[in-house]
Protein chains: 2
Amino acid sequence: MSAKEQDKAIELERSLGVAAVVGKSLSDENRLRILLSLCNGRKTVSTIVEEMNLSQPLVSHHLKELRRCLLVKVERKCLIVYYEIADERIIDIVRRLAHLATDLLSQRDTF
Amino acid sequence: MSAKEQDKAIELERSLGVAAVVGKSLSDENRLRILLSLCNGRKTVSTIVEEMNLSQPLVSHHLKELRRCLLVKVERKCLIVYYEIADERIIDIVRRLAHLATDLLSQRDTF
DNA sequence: TAAATATATAAAGGTATACTGATGTATTGA
DNA sequence: TCAATACATCAGTATACCTTTATATATTTA
């Protein structure tokens, strides 16, 4: 490994703490569903609640968690609150995760 | 959205359950460290324990979790057990996650 | 056979998290 | 001002999860 690659590896290791924090967002199916539902633009909380078929407090709870990890941005327009994806790369990661999980599972019956 | 794209979207949605199971593996810093430490080939449990500076039962516990999600493969050679990455794509995902998390965090102080 | 090695598992504690039901807050409209 | 709307928060419960300490199992070696 070159000195430059070594530096990169160390930098990567250092970021695993924050990576795990963001990774926790990907550990819940409802949050993944919310993230994907936001991939075509911002939505209001009510819209998400209807689409997800989850209780409003539960959706609020998960949105708060996604906000905490900076994965979504909020925009208030008086009574209505819009949520949107903060960084499109998270969608890409979710897609890769889903593909990988599907492939892994196809070799087995269940996790 | 074309009919084909629509099919893909539905397929993706269906896989979010298993995606969340695998995602849970990415929610713990120690597991991320173990995964990355395996990216250059198989290692024994003892080696991982030394490298991670974690207790042996704790490493076993996390390896068990990674096994459950099929992210690592096991190979026994008598007393010694080797663990290795089951699918290289997981390393790619961890890298992307780490980069994204670092970038998101750089816009803030803390999660 | 006894000790040492490599790994897994069990028990227990403490914290975190998902979820529900109830309530709070702020804004809009009648 | 009163009711309705949109969203957040709180209290409570149940479960899951990380971690430690102790112990079990299997294999090798003396």
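Chain A is the first sequence line, chain B the second, and so forth, proteins listed ahead of strands; every chain is numbered from 1. Quantities reported herein were computed from a predicted structural model and do not represent experimental measurements.
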If I take atom [atom1] in residue [X] and atom [atom2] in nucleotide [N], what distance separates them, rounded to the nearest angstrom?
X        : N       : atom1 : atom2 : result
Asn30(B) : dC17(D) : CG    : P     : 16 Å
Leu63(A) : dA6(D)  : CG    : P     : 16 Å
Glu50(A) : dT5(D)  : CD    : C1'   : 13 Å
Ile34(A) : dA18(C) : CD1   : C1'   : 12 Å
Arg68(A) : dA16(C) : CZ    : C1'   : 11 Å
Leu54(A) : dT20(C) : CG    : C1'   : 12 Å
Glu29(B) : dC18(D) : CD    : P     : 13 Å
Glu65(B) : dC17(D) : CD    : P     : 6 Å

What's the closest nucleotide to the side chain of [X] if the choices are [options]?
X        : options                   : result
Asp28(A) : dA18(C), dA8(C), dT19(D)  : dA18(C)
Cys78(B) : dA8(C), dC18(D), dT27(D)  : dT27(D)
Pro57(A) : dA22(C), dT20(D), dC19(C) : dA22(C)
Ser60(A) : dT9(D), dA6(D), dT19(D)   : dT9(D)

Does any non-hydrogen side-chain atom of [Y] lie less than 4.5 Å from one of [X]?
X        : Y        : answer
Leu38(A) : Glu84(A) : no
Leu26(A) : Leu35(A) : yes
Lys8(B)  : Leu12(B) : no

Using OP1 and OP2 only, check whether a side-chain N or O of [X] sits under 4.0 Å from [N].
X        : N       : value
Arg31(A) : dA18(C) : yes
Lys64(B) : dA8(C)  : no
His61(B) : dC18(D) : yes
Tyr83(B) : dA8(C)  : yes
His62(B) : dC17(D) : no
Tyr82(B) : dA6(C)  : no

Note: Glu65(A)-Arg68(A) ion pair, threshold 4.0 Å (strictly below):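 The answer is yes: the pair qualifies as a salt bridge.
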
Toward the 5' end of DNA chain C, by each residue's nearest nucleotide, Val74(B) or Leu79(A):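 Whichever sits nearer the 5' end wins; that is Val74(B).
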
Sugar-phosphate, base or nothing in reach of Ile80(B), heavy atoms under 4.0 Å: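 Answer is sugar-phosphate: Ile80(B) comes under 4.0 Å of backbone atoms only.
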
Sugar-phosphate, base or nothing in reach of Gln56(B), heavy atoms under 4.0 Å: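 Here Gln56(B) touches the bases of the nucleic acid.
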
Qualifying residue for side chain to side chain donor-acceptor pair (under 3.5 Å) with Asp92(B), from Arg96(B), Arg95(B), Arg89(B):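 Going through the options one by one, the only one that passes is Arg96(B).
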
Derivation of the side chain to side chain contact (heavy atoms under 4.5 Å, CB included) call for Val81(B) and Leu63(B): CA-CA 11 Å; Val81(B) 180; Leu63(B) 286 172; over 6 Å; no

